[in-house]
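Beneath this line is the structure, given in structure tokens, with notes to follow.
Fair warning: this is a prediction, and the values are worked out from it, not measured in the lab. Just so it is clear: chains get the letters A, B, ... in the order the sequence lines come, proteins before strands, and each one is counted from 1.
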2 protein chains.
Amino acid sequence: MAAPGRGVTIADVAARAGVAASTVSYVLSGKRSISPETAGRVMQAVADLGYHPHAGARSLASRRAGVIAMMLPLRDGMHLPVLMQFASGAVTEARRHDQDVLLMTADEGPAGLARVAASAIVDGLILMDVEVRDPRVEALRRLGLPSVLIGFPADAAGLTCVDLDFTAAGRACADYLRERGCGDIALLGASEAVYARRTGFAERVREGFLARSGPATVQPCPDDPVSVQRTVKELLAANPDLTGLAVHNEPAVGHVMHALADAGKRVGEDFHVVVIGPDEVAERVHPQLPSVLVPAETLAETAVRHLMRKLDGLDVPDSTLIEPQLTIR
Amino acid sequence: MAAPGRGVTIADVAARAGVAASTVSYVLSGKRSISPETAGRVMQAVADLGYHPHAGARSLASRRAGVIAMMLPLRDGMHLPVLMQFASGAVTEARRHDQDVLLMTADEGPAGLARVAASAIVDGLILMDVEVRDPRVEALRRLGLPSVLIGFPADAAGLTCVDLDFTAAGRACADYLRERGCGDIALLGASEAVYARRTGFAERVREGFLARSGPATVQPCPDDPVSVQRTVKELLAANPDLTGLAVHNEPAVGHVMHALADAGKRVGEDFHVVVIGPDEVAERVHPQLPSVLVPAETLAETAVRHLMRKLDGLDVPDSTLIEPQLTIR
DNA sequence: TTCCTCAATCGAAGCGCTTCGACGAAGTTT
DNA sequence: AAACTTCGTCGAAGCGCTTCGATTGAGGAA
């Protein structure tokens, strides 16, 4: 069970099983047929000695490191719990494919990508939180390192991208409100700043929201309390029949609730609100709101799976949109 | 700048600089003296070709992978933002030492440790969120993989551990309250459940809190609203002069504030409260409270630095306690 | 029986790097 | 001037693995 001294090698396993080292290798990789008896003896020896192939040697000989890199925006930006869910999902899925995960921060930028690519320390890469004009994307294309991006850069040609389906998120919100019997509904969007660096994002939600029949308004909105208060008031004034609101603006959620209370609306009863954003935002208000959230784990699994396929030379769709989930609380 | 075809090797660099491959290696590692002229030519060639040593080859030849593993409790437990801060700090510090970081989940358990140790894929390991009776600790000892633990297991003999100095945290709270002029102070502790798996933890805070002279009470407390409400009432009734409270019970903070308001105490004016816990808990109440928080980044840096020293054969203290930080808002 | 095929296994040749021992060429001691 | 030291560099020997022929029997086809 335990390793005896230091480093059980394939030669040790071969000796104990009474075969050549190459045979052990073939048993382990399954790349050539080996008789069941021999395979059995080899596996027994592997177990007895607690053998694990030396990762460096394997990578050198096979030109496959068995490691993928994951570059996360570890400092800021994304919602932390979502990031963790993502990381966790990625590691778990990677292990399922017998791969390990190397963690990189976005700080390393293009130079970091060049380094890991050239040193062959990883076979591929998952790049999170890709922005519209991301210098790393250019580097990636130049390096030819197999990769999957989370998010869409301006020019996604030749790249594999995965992201949340924002159009579907907008649709889901409209559907939710309509199912609650809301006739007139509105989408309170984000401030411009939030979308500055992300393409399409807001528009896609908007599109989805409006795609469903029935009267619907879309209203961008800054996220300070005063603007939110005013915007909500104006929306209600302009649409006396308004009974449903989708909020795609994380910081504004609390203020929206206040504004609605001030206007005499009882949320959950004669008025319905749904949030597009992380769980916590929707849970922290009273009453808790239903929300459409990023299925981080699914995203991660999809990204890893796509990367594995690419590494195996199989093809994958250039662009994959993950269905959002609407959680009712 | 860009790699020409696939894989610039040390031989390419050597050829371009007009030296032997070994010379290039020595220039890069600095393990033998090389004339400045030769070194210059080599470095130039390295830059010209965009050479990065093949990680696998290097690890095979030098028996050093240049990678450390970090095993995080990626699923539950710890406060997520703190975890991220930790991960980010660790990666950054590791890169400073030219190391990469392999991310593992606690799910992999002892078997995962055995795997990474035997495959020599990493040189060392940082194990987060160690529990009193942690099966991984035993595995670690058996494997002899250089490591640093965050937290203290029951038997820490022969291991390197780093953790927050909880006694100091307790002291800091008492000091804070006394400085605000509070004569009589109390510590509202956690429910037993929270500490079940962590040794000393609560006691250490208690000790630190009581270490300062002056009247002080310590009161454990479950975290449901009713118990908190009752506990606070009782504390106030028993100590009419109580004007300062330290809360070492994350979920209870909000309830404590309500109870105090009900009792007519104006926090920040005639009554003072300090929290031991993550920022967010202290920020989410009104008024925002001062808090003692886990300096995750410092913890991570310390852990990585200690591990590096161990890998270099230098010695490090068995046990290191990190000073908590009291943030005033 | 002889020839061919195919499954099962072996041996050897690297993968790209580090490191050890050697070896000239200077520079120091005697 | 002979005998040592450095100093700077080179060549070769692996590190542990995968992979590519080559080899050996055994079973079928002819």
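- A salt bridge links Asp312(B) with Arg64(B); the closest basic N to acidic carboxylate O contact falls under 4.0 Å.
- The distance between atom CZ of Arg63(A) and atom P of dG14(C), rounded to the nearest whole Å, is 14 Å.
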- Task: Using a 4.0 Å cut-off on protein heavy atoms (strictly under), produce a 5'-to-3' string for nucleotides 4-10 of chain C with B for base contact, S for backbone-only sugar-phosphate contact, and - for none.
- Result: ---SSBB
- Under the salt bridge (charged side-chain N to carboxylate O under 4.0 Å, His left out) criterion, do Asp155(A) and Arg141(A) qualify, and how do the steps go? CA-CA 11 Å; Asp155(A) 176 15; Arg141(A) 226 187 303 256; 3.8 Å; yes
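- Inter-residue side-chain proximity for Gln85(B) and Val294(B) is flagged as unmet; no heavy-atom pair is nearer than 4.5 Å.
- What separates CD1 of Ile10(B) from P of dC15(C) is a distance of 14 Å, to the nearest Å.
- Among the protein residues, Ser25(B) comes within range of the nucleic acid bases, having at least one heavy atom under 4.0 Å from a base atom.
- Mapped onto DNA chain D by nearest heavy atom, Lys31(A) and Ala57(B) fall at different nucleotides, with Ala57(B) at the one closer to the 5' end.
- Rounded to an integer number of Å, the gap from NE2 of His54(B) to P of dG16(D) is 17 Å.
- If you measure from atom CG of Leu60(A) to atom C1' of dT18(D), you get 10 Å, rounded to the nearest angstrom.
- In this entry the distance linking OH of Tyr51(B) with C1' of dC17(C) reads 7 Å, nearest Å.
- Proximity of Arg58(A) to the phosphate of dC15(C): no side-chain N or O atom is located under 4.0 Å from OP1 or OP2.
- The closest side-chain heavy-atom distance from Pro153(B) to Leu159(B) is below 4.5 Å.
- To the nearest 0.5 angstrom, Met104(A) atom CE is 6.5 Å from Asp100(B) atom CG.
- Arg309(A) places no side-chain N or O within 3.5 Å of a backbone atom of Leu314(A) that could act as its donor or acceptor partner.
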